Protein chains: 2
Amino acid sequence: MSTVTITDVAKHVGVSVATISRHLSGFTVRNEEKIRQAIIDLNYRPSAAARNLKSGRTGIIAIVVPDITNPFFASIVEGAEGAVGEDRMILLVNTGDSRQREEKALAQLFGRVDGVIMAPLTEDEEGPSFFSQFGLPIVFVDRVTQDGEKFSTALTDNAKGATIATNHLIALGHKKIAMISGPLSTTPGKKRADGFKASLKESGLPCQYFIESDFSEEGGYAAMSALLEREDAPTAVFTANNLMTIGALHALRDRGVAVPNQISIIGFDDLDFAELINPPLTVIARDARLQGALAMELMIKQLTNGASTQPEHSMVDVQLVERGSCAPPREMQTIAFNKVDR
Amino acid sequence: MSTVTITDVAKHVGVSVATISRHLSGFTVRNEEKIRQAIIDLNYRPSAAARNLKSGRTGIIAIVVPDITNPFFASIVEGAEGAVGEDRMILLVNTGDSRQREEKALAQLFGRVDGVIMAPLTEDEEGPSFFSQFGLPIVFVDRVTQDGEKFSTALTDNAKGATIATNHLIALGHKKIAMISGPLSTTPGKKRADGFKASLKESGLPCQYFIESDFSEEGGYAAMSALLEREDAPTAVFTANNLMTIGALHALRDRGVAVPNQISIIGFDDLDFAELINPPLTVIARDARLQGALAMELMIKQLTNGASTQPEHSMVDVQLVERGSCAPPREMQTIAFNKVDR
DNA sequence: TTGTACGCGTTATCAT
DNA sequence: ATGATAACGCGTACAA
């Protein structure tokens with residue numbers, strides 16, 4: 001147990017604690033060498049707790065995500081980690097998609113961290129107001145809450161991504177286009193659904209195959225299965241996140257539905273193995289690491305500039321990555337196949 | 001800024017700070033209701049820093065992993081998170097495979113956390129002696145350092161997994177079996193290589209296709225490419241972790257090598273999409289979440305029982321998950337194909 | 001049951 | 001440049 005304090009070092013060297021403290025803070029003092037040696041000999045480490053108490057700061061930034069095993073959030077965390085810098089650390093909270101855990105975590109966080117980067121479960125939360133009430137800086141990443149405008153955000157251009165995906169399918173000639181959507185209570189869920197519906201409307205297509213699911217692999221599986229059950233099944237589907245895409249692919253595989261011959265599929269968020277599956281998966285991609293890094297930068301800016309900082313909003317761009325999972329609908333394939341599939 | 005302290009509450013109610021403190025600790029005091037109300041009215045939150053200083057504990061357990069975007073480590077973290085309990089939290093440190101960051105993080109951790117669960121970069125580190133010197137409880141997960149025996153560990157039965165994988169290939173009739181190994185300086189790297197070599201030797205097969213790589217996707221790609229370059233290429237390959245498996249699959253795909261007809265492949269660690277690729281991937285699987293949970297349990301046990309606790313070692317089992325990526329070598333396929341592939 | 005007063009380890013202020 | 005000391009906010013032994 002390192003029960004050795006600054007006082008012990010001071011006594012050992014024969015100076016006052018103030019001198020040791022100053023040396024630690026980088027000031028020039030008299031017995032530099034002796035002090036350095038004493039610190040090593042005694043194995044002295046400053047107490048973080050005492051420093052926190054004195055300074056009111058902890059040097060720790062919390063990052064709250066719904067599910068760390070989702071590769072997207074893992075990348076967000078990695079990006080944030082990379083941008084946190086030398087003298088701060090990250091406290092990860094994985095809420096496991098549980099509102100209870102999220103609330104509890106938020107309460108616990110106060111006083112332990114200097115700020116919170118968070119991807120809230122849903123938009124209708126009181127968490128953030130809770131924090132703003134206490135003056136703890138907060139930055140939203142990927143998702144916001146209702147009064148999210150008042151805080152800095154690092155989001156994705158969700159609507160644009162959904163529009164690109166939908167238009168891609170429309171351009172291929174699809175008329176019966178499905179969307180397996182995320183919860184409309186979340187930012188990305190809502191925005192992507194909006195983008196999808198807007199594209200459909202613009203092209204004069206009806207919105208007949210819209211399923212609100214839950215961003216999970218199981219949800220994607222169930223939704224895709226339901227879609228395939230329908231008498232008049234869609235010829236193309238847009239899945240609103242990586243996990244649901246995986247689930248949908250499993251459903252397709254289990255039922256022996258051929259992609260893209262029988263159905264086209266495009267997912268939001270790239271997957272590590274998108275090129276390995278057969279056919280390679282066409283997706284809307286974005287740089288999640290960058291998004292995490294941006295969130296951290298916004299947080300550090302707030303921490304540096306103080307409470308008076310104006311909230312800033314950064315946006316990560318999306319792009320279409322065409323691989324092989326989208327093709328014209330079957331009735332058009334003899335005409336357009338060559339043009340599109342290669 | 002929540003600059004409201006316990007003193008403010010005490011004054012507001014008209015009692016002493018001790019009474020408030022006792023109330024907070026769950027003791028029965030006189031003005032329960034008034035106190036409760038005052039706490040709400042004033043928005044009082046106990047200072048974690050002050051509590052830490054007093055108690056010497058932080059309620060935070062650090063978990064140090066090399067790469068959080070590796071799904072395996074993400075699952076470890078998730079498992080640990082699930083077992084951490086109500087009144088503790090997790091501090092995640094992602095070292096990004098950098099020894100520097102790892103060392104720095106360890107130093108920063110002291111005083112901020114009650115214990116450290118860690119997957120060290122390599123076995124030849126001084127980290128643990130560093131910790132034992134300071135009396136900070138430590139539990140190794142997935143990997144240990146040289147003197148790891150002295151600490152609690154939550155490992156996988158790596159040698160067994162490698163043996164099962166290798167024997168599976170041998171049983172199919174393969175003679176030219178390659179291994180794309182992890183760094184021999186790491187626990188899993190070394191143990192899996194040992195298991196592979198032992199199996200070969202037991203069957204009287206030479207070890208001609210052993211490549212030490214680095215557990216990364218790029219490394220797996222390079223190693224697989226090198227293997228395919230060889231005049232007398234192997235007919236089967238065992239990849240020592242998930243990322244290298246992905247890399248190897250990419251290399252195979254890029255060169256148009258058919259699996260399992262031209263080459264069989266089996267990987268250590270299951271993949272989310274193992275069933276989605278063509279052919280579905282045969283793997284050695286283990287329960288990473290359980291492993292993380294076990295590590296956390298060992299840590300909590302140590303924290304509860306104090307420094308006198310004897311180190312314990314828990315082991316997570318492995319199992320063969322046969323899918324479609326392994327078949328007899330080409331020259332035998334006419335004979336054995338039916339028997340094995342279905 | 002309640003209040004007083006001290007200590008936890010550090011940093012900052014004030015004199016020297 | 002240095003030393004003594006107050007203060008950070010909380011918990012708790014001690015006395016009442």
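Every value quoted in this text rests on a predicted model; they were computed, and no experiment measured them. In what follows, chains carry the letters A, B, and so on, assigned in the order in which the sequence lines appear, proteins first and then strands, with residues in each chain numbered from 1.
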Heavy-atom closest pair, residues B/Arg88 and B/Leu303: NH1-CD2, 3.8 Å
In terms of side-chain heavy atoms of A/Tyr44, which of D/dC10, C/dT10, D/dG3 is nearest? C/dT10
A/Arg112 CZ - D/dG9 C1' separation (whole Å): 15 Å
Ranking D/dG3, D/dA7, C/dG3 by distance to the side chain of A/Lys54, first place goes to D/dA7
Choose from C/dG3, D/dC10, C/dT11 the nucleotide whose nearest atom is closest to any side-chain atom of B/Pro46. D/dC10
Is there a side-chain contact between A/Asp142 and A/Pro188 (heavy atoms, below 4.5 Å)? yes
Using atom types as modelled and distance alone, determine if a side-chain donor or acceptor of A/Thr5 lies under 3.5 Å from a backbone N or O of A/Thr7. yes
Side chain to side chain donor-acceptor pair (under 3.5 Å) evaluation trace for B/Thr156 with B/Arg286: CA-CA 8 Å; B/Thr156 309; B/Arg286 59 173 157 168; 2.6 Å; yes
Looking at B/Arg101, B/Glu102, B/Glu103, which hits side-chain contact (heavy atoms from CB on, under 4.5 Å) with B/Leu121? B/Glu102
Compare the minimum distances between each of C/dT10, D/dC10, C/dA5 and the side chain of B/Ala50, then state the nucleotide with the smallest one. D/dC10
Under 3.5 Å between N/O atoms: give me all the protein pairs with nucleotides 14-16 of chain D, atom names plus distance.
none

What integer distance in Å separates A/Arg51:CZ from D/dG9:C1'? 19 Å
Note: A/Arg289-A/Glu81 ion pair, threshold 4.0 Å (strictly below): no
Going by atom types only, do B/Asn52 and B/Thr58 share a side-chain donor-acceptor pair under 3.5 Å? no
Assert: residue with more 5' nearest nucleotide on DNA chain C, out of B/Thr19 and A/Thr7, is B/Thr19
Taking NZ, NE, NH1 and NH2 as the nitrogens, is one of them in A/Lys301 or A/Glu297 under 4.0 Å from a carboxylate oxygen of the other? no
Grab the two heavy atoms, one from B/Val17 and one from B/Ala10, that are nearest each other, plus how far apart they are. N-CB, 3.7 Å
Base, sugar-phosphate, or nothing for A/Ser47, non-hydrogen atoms under 4.0 angstrom? sugar-phosphate
A/Glu123-A/Thr187 side chain donor-acceptor pair, cut-off 3.5 Å: yes
Quick check on C/dG3: is either OP1 or OP2 less than 4.0 Å from any side-chain nitrogen or oxygen of B/Ser16? yes
Once you round it to whole Å, what is the distance between C1' of C/dG9 and NZ of A/Lys11? 13 Å
Without decimals, in angstroms, what is the distance between B/Leu24 CG and D/dC10 P? 8 Å
Distance check needed: C/dA12 C1' versus A/Ile20 CD1, whole Å only. 16 Å
Just how large is the angle between the end axes of the helix from C/dT1-D/dA16 to C/dT16-D/dA1, five pairs per end, to 10 degrees? 40°
Atom pair distance, as rounded to whole Å: CG in B/Leu53 and C1' in D/dT12: 14 Å
I need the CZ-P distance between B/Phe27 and D/dG11, as an integer number of Å. 11 Å
Whole angstrom is fine here: how far is it from CD1 in B/Ile6 over to C1' in D/dG11? 8 Å
Work out which heavy atom in B/Val4 is nearest to a heavy atom in B/Asp8; give both atom names and the distance. CA-OD2, 3.2 Å
Can you list, by residue number, the residues of residues 29-37 of chain B that have a non-hydrogen atom closer than 4.0 angstrom to DNA chain D? none
Please check this pair: side chain of B/Asn94 against backbone of B/Ile68, looking for a donor-acceptor N/O pair closer than 3.5 Å. yes
